[in-house]
Amino acid sequence: MVNVRENIGLMTLSDPAEGGAVEWRISDSAVDYPDAVAAMEARAAAIAAREAPELVWLLEHPPLYTSGTSGKAGDLLDPRFPLFSTGRGGQLTYHGPGQRVAYVMLDLKRRRPDVRAFVAALEDWIIRTLAAFNVRGERREDRVGVWVKRPDKGPGFEDKIAAIGVRLRRWVSFHGIAINVEPDLSHFSAIVPCGVADPRYGVTSLIDLGHPVTMADVDVALRRAFEEVFGSTAARVPEPS
């Protein structure tokens with residue numbers, strides 16, 4: 001079967017003709033989830049009004065769970081950390097230290113107003129980033145996110161290494177992706193991650209796969225891959241005071 005997401009013109013999501021470079025922000029300390037959502041919503045509104053440039057914001061959260069628009073109450077098995085309901089797509093997932101979250105605020109109306117193409121481009125961004133560390137990430141038609149095969153665990157076993165959950169408002173995106181660099185993987189056991197209960201499908205990280213990379217290494221790879229898929233980025237912008 002042909003993967004339709006490989007044939008929808010990812011590169012047409014690159015720089016809009018009248019747009020500038022995408023701002024690139026990295027938070028050095030953990031950001032509380034409600035604060036991040038409020039900041040994203042404000043920036044997305046400013047982008048839609050042409051009052052601010054597009055932004056990619058890299059950060060980590062303290063340990064917490066979030067539930068998207070398809071979330072099910074029964075997927076929270078052990079409420080050991082705070083749970084936040086959110087308007088992004090998807091189901092339950094975990095965020096915490098050692099996981100690189102990238103919130104992506106792009107104006108798709110100027111780039112390409114196509115949600116499927118945007119999600120496919122996010123997948124491609126993750127896959128290119130993982131390839132920098134010799135990790136083969138793959139997309140699946142029946143499962144959201146990016147996966148790696150785990151033949152060491154048995155035939156047909158795969159682990160999720162990155163999650164995707166986005167929301168659009170006036171064709172400006174927010175929320176984004178999360179790549180597991182070195183989180184505590186036991187924290188995923190308190191939920192049914194993204195609603196996938198099949199025991200053949202677990203969760204992994206770069207460190208778990210035997211790649212001793214730092215968060216800074218991942219940030220460099222993310223930026224390089226982002227520019228390949230979405231276009232140029234500006235110098236890192238300072239944190240707001």
Side-chain angles (χ1 to χ4, degrees), residues 5 8-27 30-61 64 66-71 84-91 93 95 100-126 128-129 144-145 162-179 219 222-241:
R5 285 180 290 183
I8 56 181
L10 299 183
M11 296 310 293
T12 60
L13 279 159
S14 60
D15 309 62
E18 73 277 20
V22 177
E23 285 191 0
W24 196 262
R25 178 180 296 161
I26 303 176
S27 291
V31 179
D32 289 337
Y33 190 75
D35 293 341
V37 172
M40 280 192 289
E41 290 183 340
R43 184 56 174 258
I47 293 169
R50 307 294 178 91
E51 296 172 351
E54 298 173 308
L55 172 69
V56 172
W57 183 15
L58 306 186
L59 54 83
E60 293 175 82
H61 286 303
L64 57 91
T66 66
S67 179
T69 54
S70 301
F84 296 92
S85 295
T86 179
R88 64 158 175 80
Q91 301 186 42
T93 194
H95 293 309
R100 177 49 90 211
V101 174
Y103 288 138
V104 184
M105 285 148 273
L106 300 181
D107 188 345
L108 300 190
K109 193 170 185 178
R110 285 185 287 165
R111 289 171 173 268
R112 179 179 175 183
D114 185 324
V115 177
R116 290 175 63 236
F118 177 55
V119 172
L122 293 176
E123 292 172 335
D124 191 44
W125 178 29
I126 295 168
R128 289 170 185 253
T129 299
V144 178
I164 298 173
V166 297
R167 185 175 182 180
L168 298 180
R169 183 175 292 161
R170 297 173 61 190
W171 283 108
V172 175
S173 67
F174 54 112
H175 298 281
I177 69 170
I179 298 178
D219 291 348
L222 274 167
R223 188 166 188 166
R224 184 178 297 119
F226 181 91
E227 292 184 337
E228 292 172 356
V229 177
F230 294 102
S232 60
T233 60
R236 175 176 169 179
V237 298
E239 286 287 281
S241 58

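These values consider heavy atoms only, across backbone and side chains, with no hydrogens, waters or symmetry-generated copies. Note that the structure is predicted; figures quoted are calculated from it, not measured.
- Using a cutoff of 4.0 Å between basic side-chain nitrogens and carboxylate oxygens, R111 and D107 are not scored as salt-bridged.
- At distances below 3.5 Å, at least one donor-acceptor pair connects side-chain atoms of R100 with backbone N or O atoms of L59.
- Listed by chain and residue number, nothing satisfies the ring pair (Phe, Tyr, Trp, His ring centres under 6.0 Å) test with F174 (two or more places apart in sequence, or in another chain).
- Taking every heavy atom of both residues into account, A163 and I126 meet most closely at O-CD1, 4.5 Å.
- Between E23 and R43 a salt bridge is recorded (basic side-chain N to carboxylate O distance below 4.0 Å).
- Of the options V166, L122, V56, a side chain to side chain contact (heavy atoms under 4.5 Å, CB included) to I177 is made by L122 and by none of the others.
- Looking at H95 and V101, their side chains come closer than 4.5 Å, going by heavy atoms from C-beta outward.
- Contact annotation: the side chain of D124 approaches that of R128 to within less than 4.5 Å [non-hydrogen atoms, C-beta and beyond].
- Ring orientation note: the planes of W125 and F230 are nearly perpendicular, at an angle over 60° on the 30°/60° scale.
- With 3.5 Å as the limit, one finds no donor-acceptor pair spanning the side chains of T86 and R167.
- Ion pair D114/R116 not flagged as a salt bridge, since none of the NZ, NE, NH1 or NH2 atoms sits closer than 4.0 Å to an Asp/Glu carboxylate oxygen.
- E227 and T233 are linked by a side-chain donor-acceptor pair at a separation below 3.5 angstrom, with hydrogens and angles left out of the test.
- Ring centroids of Y103 and H61 are separated by less than 6.0 Å, placing the two rings close together.
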